[in-house]
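Each remark here refers to the structure printed beneath this line.
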Amino acid sequence: MTGSIEDPSGIQDLLLFRLSKILSIGGSMVTRICEGQFGITRREWAVLALVAQADEMRWSQIIKQSELDNARLSRAVSSLVAKGLAVKRQVPSRGVWVSLTDSGKTVFAELFPVTRAVNLRLLEGLGAAERKQLGLALDSIHQRAIDLAEGTHLPKADRRRGRT
C-alpha cells in the first residue's frame with residue numbers, strides 16, 4: 001500500500017521528511033558554495049543575508065526572522081564578527097544591534113545571486129501558477145508550524161552530561 005502526503009503510510013510520505021530531503025540535497029549545494037568560496041556556514045549566510053537586507057538589525061529581530069535560538073545566533077554572529085564580516089554593538093536602552101562591514105556587504109553582493117540561482121533552478125520544473133501556489137502553501141505551512149510550536153509543550157532533551 002502506498003501512502004500520500006494526505007495519508008502517510010511511511011516516513012517517505014511525511015512532509016517534514018520530504019522537506020528535509022530537499023533541504024539536504026539543495027542546501028548542500030548552497031553549503032558548499034558558502035563554505036568553499038566564502039568561508040562561511042549556511043547559518044552564518046542566513047544571518048548575514050538578513051542583516052544585509054535591513055542594513056542593521058536588532059538582535060531580537062534576527063532571532064524572529066531567522067528562527068534561531070539565542071545560542072546559535074550568538075555563535076553565528078560571533079563568527080561573522082571574527083571573520084570581519086559583521087559588527088555587533090550594544091545600544092543603551094535599544095538593545096544589541098548587528099550590522100555588516102564593507103567586507104560583509106561584499107560577500108552578500110557576491111553570494112546572493114549565486115544562492116538565488118540555485119533556488120530558481122530548483123523551481124524550474126514548475127509553471128508560474130505552481131510556483132505561486134507553492135509560495136502560498138509554504139507560507140501557510142510555516143504559520144501552522146509556528147502555531148503548533150507555540151501551543152505544544154514537548155520535553156527537551158537533556159544534552160548536559162552527554163545525553164541526547
Side-chain angles (χ1 to χ4, degrees), residues 2-6 8 10-88 96-150:
T2 304
S4 66
I5 197 166
E6 297 90 8
I11 191 168
Q12 294 85 357
D13 303 324
L14 296 175
L15 172 65
L16 294 175
F17 184 77
R18 293 175 73 181
L19 291 174
S20 175
K21 285 174 43 176
I22 294 166
L23 182 59
S24 178
I25 297 165
S28 70
M29 292 183 277
V30 172
T31 298
R32 288 195 311 263
I33 294 164
C34 287
E35 293 176 355
Q37 290 182 296
F38 296 91
I40 61 174
T41 66
R42 197 167 65 199
R43 184 175 295 144
E44 291 167 356
W45 162 239
V47 172
L48 186 137
L50 285 171
V51 174
Q53 293 179 315
D55 196 42
E56 181 177 52
M57 283 186 87
R58 184 178 296 185
W59 192 267
S60 59
Q61 291 173 308
I62 302 171
I63 286 177
K64 184 176 181 180
Q65 289 187 28
S66 69
E67 296 182 6
L68 291 173
D69 61 39
N70 197 48
R72 286 187 174 101
L73 178 58
S74 181
R75 284 191 297 272
V77 170
S78 294
S79 182
L80 290 169
V81 169
K83 293 172 183 176
L85 301 175
V87 175
K88 176 180 154 185
V96 177
W97 289 77
V98 179
S99 59
L100 299 185
T101 63
D102 288 342
S103 295
K105 292 174 185 176
T106 299
V107 167
F108 174 77
E110 293 175 8
L111 184 50
F112 182 76
V114 177
T115 59
R116 180 181 186 273
V118 169
N119 279 267
L120 291 175
R121 294 217 39 216
L122 288 170
L123 296 171
E124 281 178 355
L126 302 177
E130 291 171 308
R131 289 190 302 269
K132 183 176 182 174
Q133 189 61 37
L134 176 61
L136 294 170
L138 289 173
D139 289 344
S140 177
I141 292 167
H142 181 242
Q143 186 57 55
R144 183 68 183 139
I146 291 168
D147 294 345
L148 285 171
E150 289 174 353

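Treat the numbers as computed from the prediction; the structure is a model and nothing was measured. Count residues from 1 along the sequence.
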Report the distance from atom CZ of R75 to atom CG of N70, rounding to the nearest 0.5 Å.
10.0 Å
Heavy atoms only: give me the nearest W45-V30 pair and the separation to one decimal.
CD1-CG1, 4.4 Å
Once side-chain hydrogen bond (donor to acceptor under 3.5 Å, both in side chains) is applied, do any residues pair with Q143, and if so which ones, sequence neighbours excluded?
D147
Ignoring hydrogens and geometry, is there a side-chain-to-backbone donor-acceptor pair from S140 to L136 under 3.5 Å?
no
Would you say R43's side chain and R72's backbone share a donor-acceptor pair under 3.5 angstrom?
no
Atom CZ of R42 and atom CD of E35: how far apart are they, to the nearest 0.5 Å?
9.0 Å
Nearest-0.5 Å distance, CE of residue M57 to NZ of residue K64
10.0 Å
Closest contact, heavy atoms only, P8 versus L14:
CB-CD2, 3.7 Å
I need the single residue from L48, L80, D55 that forms a side-chain contact (heavy atoms from CB on, under 4.5 Å) with L100. Which is it?
L48
How close do K83 and I40 get, heavy atom to heavy atom, and via which atoms?
NZ-CA, 3.8 Å
Verdict with reasoning, L68 to I62, per side chain to side chain contact (heavy atoms under 4.5 Å, CB included)
CA-CA 8 Å; L68 291 173; I62 302 171; 5.7 Å; no
Nearest heavy atoms of L50 and Q65, plus distance in Å
CD2-OE1, 3.5 Å
Could you grab the distance from atom CH2 of W97 to atom CD of Q61, nearest 0.5 Å is fine?
5.5 Å
Is a side-chain donor or acceptor of S66 paired with a backbone partner of V47 at a separation under 3.5 angstrom?
no
Atom CD1 of I63 and atom CG of D69: how far apart are they, to the nearest 0.5 Å?
8.0 Å
Could you check if a side-chain atom of V77 sits within less than 4.5 angstrom of a side-chain atom of W59, using non-hydrogen atoms only?
yes
Those residues that, when tested against R18, pass side chain to side chain contact (heavy atoms under 4.5 Å, CB included) (two or more places apart):
I5
Determine all donor-acceptor pairs shorter than 3.5 Å in which one atom belongs to a side chain in residues 105-123; sequence neighbours excluded.
{"residue": "T106", "atom": "OG1", "partner": "D102", "partner atom": "O", "Å": "3.0"}
{"residue": "T115", "atom": "OG1", "partner": "L111", "partner atom": "O", "Å": "3.4"}
{"residue": "T115", "atom": "OG1", "partner": "F112", "partner atom": "O", "Å": "3.1"}
{"residue": "N119", "atom": "ND2", "partner": "T115", "partner atom": "O", "Å": "2.7"}

Any donor-acceptor pair under 3.5 Å from S79 side chain to A76 backbone
no
Between L19 and L23, does a side chain to side chain contact (heavy atoms under 4.5 Å, CB included) hold up when you go through it step by step?
CA-CA 6 Å; L19 291 174; L23 182 59; over 6 Å; no
Minimal non-hydrogen separation, S103 against G84, with atom names
CB-O, 3.8 Å
Could you tell me the separation between the CD atom of E67 and the CG atom of L73, rounded to the nearest 0.5 Å?
12.5 Å
So does L126 get a backbone contact from the side chain of R131, meaning a donor-acceptor N/O pair under 3.5 Å?
yes
Of the non-hydrogen atoms in E44 and G39, which two are nearest, and what is the gap between them?
OE1-O, 4.3 Å
